[in-house]
Amino acid sequence: MTTRESVERVLEGLRQGFQADGSDLVVEKVTDSTLILRLVGNDDTCWDCIVPPEQLKHVVSALLRSKLPAITHVELLDPRDETMP
Amino acid sequence: MATIITEQDLHRQALEQAAALGLVNPIGIAKHQLGAAPRLAKLQGARGGLLDNTKGNAGPLLTHVGNLLRDRYGVKEVSIHRKLVYSRPADPELLDLLAKNYDFVVTGVGACGSCTSACVRDVVDLEARGIPTVAIHTEVFMNSGAAHALAFGRGDLEFASVRHPIAAIQDAELRERAEEIIDSVARLLTAAER
């Protein structure tokens with residue numbers, strides 16, 4: 001299993017919830033130690049239903065730390081963050 | 001390439017390494033982490049607080065759960081309280097009141113990302129006050145609840161899972177869902193079955 005597949009497996013359960021809120025959490029890029037995630041949504045997304053960016057990053061990082069300790073850096077691209085590229 | 005390592009894997013590896021060296025591991029796995037409230041010996045005669053997070057149909061579902069706890073498990077009384085906003089943790093004053101007046105709390109419903117997160121936060125904060133607390137989440141948010149519990153330092157927390165959705169269903173269906181989860185709620189509040 002590749003690192004990307006391992007990450008996607010760990011995030012699979014979490015994504016269920018995002019999808020129920022009309023959004024998704026997709027893997028943008030992954031290396032052996034770094035993960036870049038993108039929160040995606042549209043006009044139908046319940047944005048109030050999604051935790052704030054910093055908290056979301058904290059939760060995802062904690063989850064990955066427990067399951068995939070090799071991933072030491074998590075970056076989240078969140079459309080609610082004005083500095084997002 | 002990465003491997004998924006669970007806590008059980010790490011524990012098993014440690015035991016295997018210790019056994020190979022002829023060592024006996026004096027450290028067991030704590031059944032409950034720091035901050036966990038002691039479970040009740042029994043529900044009979046207990047007073048329960050229901051914390052409605054104001055998400056659609058949370059109050060009616062909790063009311064059914066409370067009634068079933070009273071009728072089937074001999075809970076003495078249940079009272080419902082509402083927090084202001086589903087997406088944020090309850091005010092500390094409300095948590096203090098619940099901790100002071102009840103033997104246990106049932107809260108819910110985690111039926112979206114932010115309300116699940118806030119529910120888990122409320123459980124953690126109530127348990128830190130010594131009150132055994134159970135959160136109800138809809139099934140699609142159970143993983144989210146577990147991830148939040150882990151992030152809040154309570155990876156041991158268990159939740160009651162109710163069928164999704166609950167917001168747009170009739171009272172008879174809510175009652176049915178309450179029936180489906182009532183034994184799980186009772187089990188999570190008491191010591192005997194954990």
Side-chain angles (χ1 to χ4, degrees), chain A residues 1-25 27 30-35 37 39-41 44-74 76 78 80, chain B residues 1-11 13 33 53-56 58 84-89 109-122 124 135 137-157 159 161-168:
Chain A
M1 189 183 287
T2 65
T3 304
R4 188 186 188 95
E5 288 168 339
S6 300
V7 166
E8 285 178 341
R9 188 173 154 193
V10 169
L11 294 177
E12 194 178 348
L14 204 57
R15 287 179 61 204
Q16 261 192 314
F18 284 92
Q19 289 160 0
D21 287 333
S23 66
D24 206 351
L25 200 56
V27 175
V30 61
T31 68
D32 283 345
S33 62
T34 300
L35 168 65
L37 289 171
L39 177 69
V40 295
D44 295 327
T45 300
C46 174
W47 290 105
D48 285 344
C49 294
I50 300 168
V51 296
E54 274 309 305
Q55 189 182 346
L56 176 53
K57 187 178 166 184
H58 175 59
V59 169
V60 170
S61 297
L63 180 63
L64 287 165
R65 202 163 43 242
S66 74
K67 305 286 186 192
L68 291 171
I71 301 287
T72 54
H73 181 69
V74 176
L76 175 67
D78 191 315
R80 297 168 297 176
Chain B
M1 183 162 168
T3 305
I4 298 174
I5 300 170
T6 65
E7 286 178 29
Q8 288 83 357
D9 291 334
L10 291 172
H11 185 66
Q13 285 170 15
Q33 290 183 8
N53 70 349
T54 73
K55 195 71 182 166
L84 288 176
V85 185
Y86 66 76
S87 59
R88 302 186 64 171
V109 173
C112 74
S114 58
C115 62
T116 300
S117 171
C119 260
V120 175
R121 185 75 251 177
D122 291 338
V124 171
H137 304 312
T138 64
E139 56 205 355
V140 299
F141 289 99
M142 288 295 279
N143 287 304
S144 176
H148 278 86
L150 189 66
F152 297 154
R154 283 294 312 276
D156 63 316
L157 279 178
F159 307 105
S161 172
V162 68
R163 274 188 289 140
H164 186 86
I166 65 148

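Because only heavy atoms are used, hydrogens play no part in the values below, and waters and symmetry mates are left out as well, while side chains stay in. A note on names: the letters A, B, ... follow the listed sequences, proteins ahead of strands, and every chain is numbered from 1. The model shown is predicted, which means the values in this text are computed figures rather than measured ones.
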* **From CG (A:L56) to NE2 (B:H148), nearest 0.5 Å** =>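 Rounded to the nearest 0.5 Å, the CG-NE2 separation comes to 7.5 Å.
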* Spatial distance of atom CG (B:N143) from atom CD (A:E12) [nearest 0.5 Å] ->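 Result: 9.0 Å between the selected atoms.
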* Could you tell me which portion of B:S144 (side chain, backbone, both or neither) has an atom closer than 4.5 angstrom to a non-hydrogen atom of chain A? => both
* **Options B:G113, B:C115, B:A118, B:G145, ranked by heavy-atom pairs under 4.5 Å with chain A, top entry** => B:G113
* Which of B:A111, B:A151, B:S114 touches chain A most, by non-hydrogen pairs under 4.5 Å ->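 Option with the top pair count is B:S114.
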* Between A:L63 and B:L150, what is the shortest heavy-atom contact and its length? ->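 Here A:L63 and B:L150 meet closest at CA-CD2, 3.8 Å.
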* **Minimal non-hydrogen separation, A:A20 against B:F141, with atom names** => CB-CZ, 3.8 Å
* Do other residues, nucleotides or ligands put more than 12 heavy atoms under 6.0 Å from B:R88 CZ? -> no
Listing, residues 45-55 of chain A side-chain donor-acceptor contacts under 3.5 Å, not counting sequence neighbours, or none:
unit_1	atom_1	unit_2	atom_2	d
A:T45	OG1	A:G22	O	2.6
A:T45	OG1	A:N42	N	2.7
A:T45	OG1	A:N42	O	3.2
A:W47	NE1	A:N42	O	3.4
A:Q55	NE2	B:S117	OG	2.5

